[in-house]
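A short write-up of the structure that comes next.
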Amino acid sequence: MIYFNQIGYLPHATKIAVLTHKADHFFLCDRKTGENVYEGIVQPFKKERDAASGDIVFHADFSDFCAEGEYFLRAGEILSAPFAISKTIYHQLKIDLLRSYYFQRCGCALTSAHAGKYIHGCCHSTPATLLDDPSVKLDLSGGWHDAGDYGRYVTAAATALAHLLYAFVLFPDRLLTPLDIPESGNGTPDLLNECRYELTWLLKMQRADGGVFHKVST
């Protein structure tokens, strides 16, 4: 097998594939023509077998090759799946990662206009019951689902928001990408629009005495 970065590689980044079979040389081939565009020597990574997998692995380093395009690797009779080398290889990944918060939204419907086939109706919008006093009902709707259990947690929310907001402070020019969410086009960067959705819920989690409820869950 030939393992590689399935997203692809930046032109001037380190570019290494991992082989689980022995070969003397490897070849980088143009995906369309099949022609060899780069040849390198396969280097052993470790001489002993990996204790967990039982494999002896080898490195195919083609960092010197920087031309953008679509390629595959060949080592002996083994071919890799195709991959790309491109300056924009991580652009769609960035958008997908940032859009993932929208898909975690709670307390609102996700429509096909922004969510495609991943739609659902408005969820978890009824008042929450205080565990210590069931007579107390609280509006704690909104925020992001944390995982498959639909819980929403203050600690996870604060951590995620801190990373996103600090990222925007440090790299604002990299985070102005439109994310195709309901608030898109309102004059505020979409990353901040998404953060506001979670911040609004986080404020609901603060008690009148200044304390904070740490989670909402079923």
**Request:** Evaluate side-chain contact (heavy atoms from CB on, under 4.5 Å) for Asp55 paired with Arg49, printing each intermediate quantity in order.
**Result:** CA-CA 5 Å; Asp55 291 323; Arg49 291 188 181 276; 5.7 Å; no
Does [X] reach the side chain of [Y], with side-chain heavy atoms less than 4.5 Å apart?
{"X": "Ile7", "Y": "Tyr90", "answer": "yes"}
{"X": "Phe213", "Y": "Leu130", "answer": "yes"}
{"X": "Arg152", "Y": "Asp146", "answer": "no"}
{"X": "Leu19", "Y": "Ile78", "answer": "no"}
{"X": "Phe58", "Y": "Gln43", "answer": "no"}
{"X": "Leu10", "Y": "Ile89", "answer": "yes"}
{"X": "Arg207", "Y": "Val212", "answer": "no"}
{"X": "His12", "Y": "Ser63", "answer": "no"}

Treating Ile, Leu, Val, Met, Phe, Trp and Tyr as nodes and any side-chain heavy-atom pair under 4.5 angstrom as an edge, say whether [X] and [Y] lie in one connected cluster.
{"X": "Tyr118", "Y": "Leu179", "value": "yes"}
{"X": "Met1", "Y": "Val18", "value": "yes"}
{"X": "Phe83", "Y": "Tyr3", "value": "no"}
{"X": "Ile41", "Y": "Phe26", "value": "no"}
{"X": "Trp201", "Y": "Leu199", "value": "yes"}

**Request:** Indicate, with yes or no, if the rings of Phe4 and Tyr9 have centres closer together than 6.0 Å.
**Result:**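 Distance test on ring centres: not under 6.0 Å, no.
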**Item:** Validation row, ring centre Tyr150 to ring centre His124 under 6.0 Å
**Value:** yes
**Residues Lys32 and Glu70 bridged, charged N to O under 4.0 Å** = no
**Prompt:** Charged N to carboxylate O under 4.0 angstrom, Lys204 versus Asp139?
**Reply:** yes
If only atom types and distance count, is the side chain of [X] paired as donor or acceptor with the main-chain N or O of [Y] below 3.5 Å?
{"X": "Glu198", "Y": "Ala157", "answer": "no"}
{"X": "Asn36", "Y": "Tyr38", "answer": "no"}
{"X": "Lys15", "Y": "Phe65", "answer": "yes"}
{"X": "His114", "Y": "Tyr102", "answer": "no"}
{"X": "Gln104", "Y": "His145", "answer": "yes"}

Can you tell me how far apart [atom1] ([X]) and [atom2] ([Y]) are? Round to the nearest 0.5 Å.
{"X": "Lys215", "Y": "Leu140", "atom1": "NZ", "atom2": "CG", "result": "13.5 Å"}
{"X": "Arg196", "Y": "Leu191", "atom1": "CZ", "atom2": "CG", "result": "11.5 Å"}
{"X": "Cys195", "Y": "Leu165", "atom1": "SG", "atom2": "CG", "result": "4.5 Å"}
{"X": "Leu97", "Y": "Gln92", "atom1": "CG", "atom2": "CD", "result": "10.0 Å"}
{"X": "Ile119", "Y": "Phe103", "atom1": "CD1", "atom2": "CZ", "result": "11.5 Å"}
{"X": "Glu77", "Y": "His21", "atom1": "CD", "atom2": "NE2", "result": "9.0 Å"}

Please give me the minimum heavy-atom distance between [X] and [Y], naming the atom from each residue.
{"X": "Gly107", "Y": "Cys122", "result": "O-SG, 3.4 Å"}
{"X": "Tyr101", "Y": "Glu194", "result": "CB-CG, 3.6 Å"}
{"X": "Asp180", "Y": "Ala113", "result": "OD2-O, 4.0 Å"}
{"X": "Ile181", "Y": "Asn193", "result": "CD1-CB, 4.0 Å"}
{"X": "Ala17", "Y": "Leu73", "result": "CB-CD1, 3.3 Å"}
{"X": "Ala23", "Y": "Gly76", "result": "CB-N, 4.3 Å"}

Hey, is [atom1] on [X] packed in by over 12 heavy atoms from elsewhere, all under 6.0 Å?
{"X": "Leu131", "atom1": "CG", "answer": "no"}
{"X": "Leu93", "atom1": "CG", "answer": "yes"}
{"X": "Lys22", "atom1": "NZ", "answer": "no"}
{"X": "Gln6", "atom1": "CD", "answer": "no"}

**Message:** Both conditions, 6.0 Å and 45 degrees, for the charged tip of Arg31 above the ring of Tyr71: are they met here?
**Reply:** no
**Asked** Is the cationic atom of Arg105 (NZ for Lys, CZ for Arg) positioned less than 6.0 Å from the six-membered ring centroid of Tyr197 and within 45 degrees of its normal?
**Response**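 Because its charged atom sits under 6.0 Å from the ring centre and within 45° of the axis, Arg105 does stack over Tyr197.
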**Item:** Pair Thr177-Lys94, side-chain contact (heavy atoms from CB on, under 4.5 Å): steps then yes or no
**Value:** CA-CA 9 Å; Thr177 308; Lys94 178 183 74 172; 3.2 Å; yes
**Item:** Thr129 side chain to Lys137 side chain, donor-acceptor N/O pair below 3.5 angstrom
**Value:** yes
**Message:** For Ser184 and Asp190, which I'm curious about, is there any donor-acceptor pair between the side chains at under 3.5 Å?
**Reply:** yes
**Message:** Determine whether Leu202 and Leu161 satisfy the following criterion, side-chain contact (heavy atoms from CB on, under 4.5 Å), listing intermediate values before the conclusion.
**Reply:** CA-CA 10 Å; Leu202 201 59; Leu161 283 166; 3.9 Å; yes
**Request:** Quick one: do Leu98 and Leu164 satisfy side-chain contact (heavy atoms from CB on, under 4.5 Å)? Show the steps, please.
**Result:** CA-CA 9 Å; Leu98 294 177; Leu164 291 171; 4.2 Å; yes
